[in-house]
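Notes to accompany the following structure.
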Amino acid sequence: MVLGILGSGSGSNMQAILDAIADGSLDARIALVLSDNPDAFILERAKRHGIPAGVIDCGGYKTKFPEAAQAETARRLHDAGVELVCLAGFLRLVKQPLLEPFPQRIVNIHPSLLPAFPGLKSWKQALDAGVSETGCTVHYVDAGMDTGPIILQETVPVLAGDTPESLHERIHQAEHRAYPEAIRRVAGAGFFLPQRGASGVGWGRE
Ligand code: GRF
């Protein structure tokens, strides 16, 4: 499976995917890494692994993902032969210009057990809410924020004395197991496609 990665930060989840590829537990290849942040370490990681990488020009907007930039991103991913787009700490909302060319071919990892605690700093949200468990979710991306059908979740305990940092670190460790496993499942299933039924949208094989 040919992967494209979009990230805005450190890229430790991409590193986990690369490690799984290297140890033979994930049959995939990363063809392109793109970031909206020219200083993101994910670009440096890509460079160190000899993976083509580039910057997405968002025209100076801090959070908006302009339609033209999304269309350009889709074109670059398509030209690189990408089959599955993995969002790995990508901080902008993906909409139609990128979703449409990659139907059910974009996945994301989020640091909570969705639908609980969408949005930013989910580990802090979990701590503030006083839950005893949180975790991470890999899901297909739709036009919502941290919505879309769930592929896999891993639960993480919230321990007495946890700080936002210690909980975040435990979730991160879980993410590094969950993301390669979720991609493995998507690949193994030959991708999933939505099936609309009386009970809503489910996912089944094409
Ligand atoms: C992860 O916690 C992921 O769930 C969230 O952003 C973070 C990215 O971390 N979407 P990294 O850049 O992969 O280290």
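Note: hydrogens, waters and symmetry copies are ignored here, and every other heavy atom, side chains too, is used. Computed from a predicted model, the values in this text were never measured in an experiment. When a ligand or atom number is given, it counts from 1 through the structure's own listing order.
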*Short side-chain to backbone donor-acceptor contact, H139 and Q153, under 3.5 Å*: no
_Backbone N/O of S112 and side chain of S122: donor-acceptor pair under 3.5 Å_ = no
*Under the 3.5 angstrom rule, does the side chain of Q104 hit a backbone N or O of Y140 as a donor-acceptor pair?*
no
*Nearest 0.5 Å please: distance from the NE2 atom of H110 over to the CD1 atom of I171.*
9.0 Å
Show the distances, to 0.1 Å, for all pairs joining an N/O atom of ligand 1 and a protein N/O atom that are shorter than 3.5 Å, listing one pair per line.
| residue | atom | partner | partner atom | Å |
| --- | --- | --- | --- | --- |
| ligand 1 | 2 (O) | E175 | OE1 | 2.9 |
| ligand 1 | 2 (O) | E175 | OE2 | 3.2 |
| ligand 1 | 4 (O) | I109 | O | 3.3 |
| ligand 1 | 4 (O) | P111 | N | 3.4 |
| ligand 1 | 4 (O) | E175 | OE2 | 2.2 |
| ligand 1 | 9 (O) | H172 | NE2 | 3.2 |
| ligand 1 | 10 (N) | I109 | O | 3.0 |
| ligand 1 | 12 (O) | S10 | N | 3.4 |
| ligand 1 | 12 (O) | G11 | N | 2.7 |
| ligand 1 | 13 (O) | S12 | N | 3.2 |
| ligand 1 | 13 (O) | N13 | N | 2.8 |
| ligand 1 | 13 (O) | N13 | ND2 | 2.9 |
| ligand 1 | 14 (O) | S12 | N | 3.0 |
| ligand 1 | 14 (O) | S12 | OG | 2.5 |
| ligand 1 | 14 (O) | H172 | NE2 | 3.1 |

*asked:* Taking V2's backbone N and O only, do any of them form a donor-acceptor pair with E83's side chain (distance below 3.5 Å, no angle check)?
replied: yes
*Side chain of Q70, backbone of F65: donor and acceptor closer than 3.5 Å?*
yes
